[in-house]
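Whatever order the structure lists them in is the order used to number ligands and atoms, beginning at 1. These numbers come from a predicted model, not from an experiment. The analysis underlying the following values was restricted to heavy atoms, covering all of them including side chains, and did not include hydrogens, waters or symmetry mates. Numbering of residues begins at 1 and proceeds along the displayed sequence.
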Amino acid sequence: MGVLDELNAGARADMEERRALVGQDELVRRIAALPATRDPLPAFRAPGIAIIAEVKRSSPSKGALAEIADPAALAEAYAHGGADAISVLTEKHRFGGSLDDLAAVRARVDVPVLRKDFITDAYQLYEARAVGADLALLIVASLSDAELAALHATALDLGLTPLVETHTADEVRRAADAGAVLVGVNNRNLNTLEVDIRTFARLAPLVPEGTVLVAESGVRTPEDVRAFAEAGADVALIGEALVTGGDPVAGVRAMKEAVRG
Ligand SMILES: O=P(O)(O)OC[C@@H](O)[C@@H](O)c1c[nH]c2ccccc12
């Protein structure tokens, strides 16, 4: 089994445990009591570069990155630095995250929040919405065309903005066919875990006009941010460099200021 298959299987097993305790009907009831979601796209489309700052304790490639005892405090620092959205890893086994992390972040910040997980079932989208997420990640490599189309539609029905992640030209085409407006290009191959930061510039020209493009993984410095913006990125999604950088407020600010608005 490849790494991505393992991550998907683990996330699915975790989901089945939660679903046995809280059914989708109960999530629907919880969602009905919530305010509307926040639309991240206006800030993502604004001039300059938008930053999605990620709360990530560990990763399959690097192991432990940062303790992050208080994810809400980290998210607040990101927001003070000018983050346009916060990404919260909610996968437990390899990333050390949880839905509780996302709920805590939601309670503390006003910017849109992304559920970053291995989503292959509509139930996970209901969960995302029920804990206060505004966006949810859909990884094209994990899904058939029919699954991608169905999950994309369910996300929109729930008021979530789907971030549709790609890594190859074929996946970019499949994302476009699914009607994705917000498309991520992951510079990391989720099966080999290798990063090639040239991936973004290679795939960016393939997206249809009007797509909002996110450069993901391996964005380490303000110079990297500038290079991705020049290659067509509207948004940069940054995890490791911010959680290991020591000063998340200054870290986000420097990344944002790398590109003039
Ligand atoms: O820590 P980095 O290299 O800045 O990368 C962040 C983000 O792109 C990465 O966490 C990521 C991109 N796509 C994913 C899918 C699942 C889990 C994690 C990811």
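Residue, atom and distance of the protein heavy atom nearest to atom 10 (O) of ligand 1 are Glu54 OE2, 2.6 Å. Scanning the protein for heavy atoms near atom 16 (C) of ligand 1, the closest one is Phe118 CZ, 3.3 Å. From the protein, the heavy atom lying nearest to atom 13 (N) of ligand 1 is Glu165 OE1, 2.7 Å. Looking only at protein heavy atoms, the nearest one to atom 17 (C) of ligand 1 is Phe95 CZ, 3.5 Å. Counting protein heavy atoms only, atom 4 (O) of ligand 1 is closest to Gly239 N, 2.8 Å.
Atoms of ligand 1 lying under 4.0 Å from at least one heavy atom of Asn186, given by number and element, are 12 (C), 13 (N), 14 (C). Taking every heavy atom of Glu216 and a limit of under 4.0 angstrom, the matching atoms of ligand 1 come to 8 (O), 12 (C), 13 (N). Distances below 4.0 Å separate heavy atoms of Glu240 from the following atoms of ligand 1: 1 (O), 2 (P), 4 (O). Which parts of ligand 1 touch Ile238 is read off a 4.0 Å heavy-atom cut-off, strictly below it: atoms 4 (O).
When heavy-atom distances to ligand 1 are checked against a 4.0 Å cut-off, Lys56 comes that close only through its side chain, counted from C-beta outward. Contacts of Lys116 with ligand 1, taken as heavy-atom pairs under 4.0 Å, involve the side chain alone. With a 4.0 Å heavy-atom cut-off, ligand 1 is reached by the side chain of Leu137 but not by its N, CA, C or O.
Distance check, rounded to the nearest 0.5 Å: CD1 of Ile139 to CG of Leu151 gives 11.5 Å. In this structure, Leu135 CG and Leu41 CG are separated by 7.5 Å, a value rounded to the nearest 0.5 Å.
For Arg18, the CZ atom sits in a packed shell: over 12 heavy atoms of surrounding residues, nucleotides or ligands are nearer than 6.0 Å. For Glu16, the CD atom sits in a packed shell: over 12 heavy atoms of surrounding residues, nucleotides or ligands are nearer than 6.0 Å.
A donor atom on one side chain and an acceptor atom on the other are found under 3.5 Å apart for Glu54 and Ser87. A side-chain N or O of Asn8 and one of Ser142 form a donor-acceptor pair less than 3.5 Å apart.
Put simply, the residue from Arg220, Arg57, Lys56 that forms a salt bridge (charged side-chain N to carboxylate O under 4.0 Å, His left out) with Glu240 is Arg220.
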- [ ] Determine, step by step, whether Arg12 and Thr120 satisfy the side-chain hydrogen bond (donor to acceptor under 3.5 Å, both in side chains) criterion, reporting the C-alpha distance in whole Å, the side-chain angles of both residues, the deciding distance to 0.1 Å, and the verdict.
- [x] CA-CA 8 Å; Arg12 185 165 271 276; Thr120 57; 3.1 Å; yes

Open item on the list: Between Glu127 and Arg19, is the salt bridge (Lys or Arg N to Asp or Glu O under 4.0 Å) condition met? List the steps.
Closed with: CA-CA 10 Å; Glu127 286 184 309; Arg19 179 150 63 185; over 6 Å; no

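Remark: among candidates Ala236, Ser217, Gly218, the nearest residue to atom 8 (O) of ligand 1 is Ser217, based on non-hydrogen atoms.
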